[in-house]
Asks: 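Quick one: structure below, then a few questions.
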Amino acid sequence: MVTRKETRQARNKPKKSHKVRTTILVILGLLILAGVGTGAFAYYKMNRTITKIQNPSKLTKKADEITAAKKPVSYLLLGTDTGELGRDYKGRTDSLIVMTVNPKNKTTTMTSIARDTLVTVGGQQMKINAAYAYGNADSAQEAVENLLNIKINGGYVLINMGGLVKMVDAVGGVDVKSPLTFTTEGDDTQADSKSQYSFNEGQTYHMDGNEALAFSRMRHSDPNGDYGRQMRQQLIIQAVLKNSANIGTVFNDSLLNTLSNNVQTDISTASMRNLALSYRSAFGNIQQDQMRGTTQSMGNLGSVEVMSPSEITRVHNIISQQMSE
């Protein structure tokens, strides 16, 4: 484990959207613990928060039956970065992850879909991150299902990026091995932070929220660009989920307010309880993947990622196999 002093230097204002992916499962990891209360009062406060964020859909009842039967379940995780979810302007989902959880083989898969992936929604070509703005969470889910020829049977979690630092700190920090050597840049850190961090390939670091944010946001020094950033964000997600079994004491008012103001989902309290009680072993074995396309320029759309038929088939097969009973 590496302990280091932070290097202080002047920095520019950050671009917030890069921390969305990491926030998604940090928050989800907290939500699935709702079913294993730490006392009546703690359960009351958590249940009050869950009720506020829930927006039942046509999938909700069926998903309850699936999780009660301990069958494989899939979710669409969406991250947006344009203010609290009660806003008038919805914005785009700059992060999309298909998450499958199989309690029988004790495995969870997370497949990231590039935000610039080219899709057709309502007969109109667009980047997949615009599907939510075009309609709602259902239209985003439909776009993903059509792209991959799959059916998402568990529902969705829509999360605003706010609160990442607090979430990581709430689980006592995270331990992550760096896949490459780099030093963070000015726009990798939080707006009110002057800290910069250096990482060495192969070394494990215990990170607080600020450091995890910087680690997950860096893109320019990664030879794999945005794809490399996605993989580091998933490393943070894995670490948070592994720590989530021990966070019963962190459901304080500040944290619950962060959840309630930044999350919407059609997952019911019953399904959250089922996930917490029957699927936890699967969250301990997370396999990460990402769709990789070819960058092309398409007129008014600008730069897009075009997925080849072989790549679509590859991801389809992985998800289908994970969902088989």
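Owing to the predicted nature of the structure, the values given are computational and were not obtained by experimental measurement.
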Asks: With heavy-atom distances below 4.5 Å as the criterion, would you say the side chains of Arg115 and Lys127 are in contact?
Replies: no
Asks: Hey, could you give me the CD1/CZ distance between Ile319 and Arg314, rounded to the nearest 0.5 Å?
Replies: 9.5 Å
Asks: Do Leu235 and Pro179 come within less than 4.5 Å of each other through their side chains, counting heavy atoms only?
Replies: yes
Asks: Do the ring planes of Phe215 and Phe182 sit parallel (below 30°), tilted (30 to 60°) or perpendicular (above 60°)?
Replies: tilted
Asks: Of all heavy-atom pairs between Phe283 and Leu275, which one has the smallest distance, and what is that distance?
Replies: CE1-O, 4.4 Å
Asks: Just do the side-chain hydrogen bond (donor to acceptor under 3.5 Å, both in side chains) check on Ser268 and Thr60 with the steps written out, would you?
Replies: CA-CA 6 Å; Ser268 72; Thr60 302; over 6 Å; no
Asks: Is there a path of hydrophobic side-chain contacts, each under 4.5 Å between heavy atoms, that joins Leu118 and Ile113?
Replies: no
Asks: How close do Asn153 and Pro72 get, counting heavy atoms only, and between which atoms?
Replies: ND2-O, 3.4 Å
Asks: Using a distance-only test with no angle check, is there a side-chain donor-acceptor pair under 3.5 angstrom linking Thr295 and Ser303?
Replies: no
Asks: Consider side chain to side chain contact (heavy atoms under 4.5 Å, CB included). Of Thr93, Thr265, Val144, which one does Leu78 pass it with?
Replies: Thr93
Asks: Taking all non-hydrogen atoms of both residues, which atom of Ile267 and which atom of Gly154 are closest, and how far apart?
Replies: CG1-O, 4.2 Å
Asks: Go through the steps to decide whether Thr120 and Gln125 satisfy the test side chain to side chain contact (heavy atoms under 4.5 Å, CB included), and finish with yes or no.
Replies: CA-CA 4 Å; Thr120 300; Gln125 283 191 319; 3.8 Å; yes
Asks: Begin from the C-alpha positions of Asp289 and Thr109 and carry the test side chain to side chain contact (heavy atoms under 4.5 Å, CB included) through to its verdict.
Replies: CA-CA 7 Å; Asp289 194 9; Thr109 64; over 6 Å; no
Asks: Taking all heavy atoms of Gln141 and all of Ile152, pick out the closest pair and write down the distance.
Replies: NE2-O, 3.8 Å
Asks: With a 4.5 Å cut-off on side-chain heavy atoms, are Met291 and Ile312 touching?
Replies: yes
Asks: Hey, could you give me the CD/CG distance between Glu145 and Asp138, rounded to the nearest 0.5 Å?
Replies: 9.5 Å
Asks: Side chain to side chain contact (heavy atoms under 4.5 Å, CB included), that's the test. Do Glu211 and Phe199 meet it? Break it down for me.
Replies: CA-CA 10 Å; Glu211 189 170 359; Phe199 302 92; 3.6 Å; yes
Asks: According to a 4.5 Å side-chain heavy-atom criterion applied to Ile, Leu, Val, Met, Phe, Trp and Tyr, with indirect links allowed, do Tyr134 and Val119 form part of one hydrophobic cluster?
Replies: yes
Asks: Side chains of Asn285 and Lys106: closer than 4.5 Å at any heavy-atom pair?
Replies: no
Asks: Would you say Thr108's side chain and Ala282's backbone share a donor-acceptor pair under 3.5 angstrom?
Replies: yes
Asks: Of Asn102, Asn105, Thr107, which meets side chain to side chain donor-acceptor pair (under 3.5 Å) against Gln322?
Replies: Asn105
Asks: Please give me the minimum heavy-atom distance between Ala131 and Ser139, naming the atom from each residue.
Replies: O-OG, 2.7 Å
Asks: As an exercise, state the distance from CD1 of Ile97 to CD of Gln288, rounded to the nearest 0.5 Å.
Replies: 10.0 Å
Asks: Under a single-linkage definition using a 4.5 Å side-chain heavy-atom cutoff for Ile, Leu, Val, Met, Phe, Trp and Tyr, are Val121 and Val304 assigned to the same hydrophobic cluster?
Replies: no
Asks: Should we count CD of Gln321 as having more than 12 external heavy atoms under 6.0 Å?
Replies: no
Asks: When you compare the side chain of Gln203 with that of Ser178, does any pair of heavy atoms fall below 4.5 Å?
Replies: no
Asks: Measure the CG-CD distance between Asp116 and Gln296 for me, rounded to the nearest 0.5 Å.
Replies: 12.5 Å
Asks: Could you check Asn136 against Tyr156 for side chain to side chain contact (heavy atoms under 4.5 Å, CB included), going step by step and ending with a plain yes or no?
Replies: CA-CA 11 Å; Asn136 50 32; Tyr156 73 90; over 6 Å; no
Asks: Using 0.5 Å steps for rounding, measure from the CE atom of Met272 to the CG atom of Asp64.
Replies: 10.5 Å
Asks: Would you say that Leu59 contacts Tyr75 through its side chain, given a criterion of any heavy-atom pair below 4.5 Å between the two side chains?
Replies: no
Asks: Report the distance from atom OG1 of Thr269 to atom CD of Gln54, rounding to the nearest 0.5 Å.
Replies: 4.0 Å
Asks: Can you name the closest pair of heavy atoms from Lys70 and Pro103 and give their distance?
Replies: O-CG, 3.1 Å
Asks: Under 3.5 Å, is there a donor-acceptor pair between the Gln196 and Thr184 side chains?
Replies: yes
Asks: Any heavy-atom pair between the side chains of Met307 and Val315 that's under 4.5 Å?
Replies: no
Asks: Compare all side-chain heavy atoms of Leu180 with those of Arg232 and state whether any distance is below 4.5 angstrom.
Replies: yes
Asks: Hey, is CD on Gln290 packed in by over 12 heavy atoms from elsewhere, all under 6.0 Å?
Replies: yes
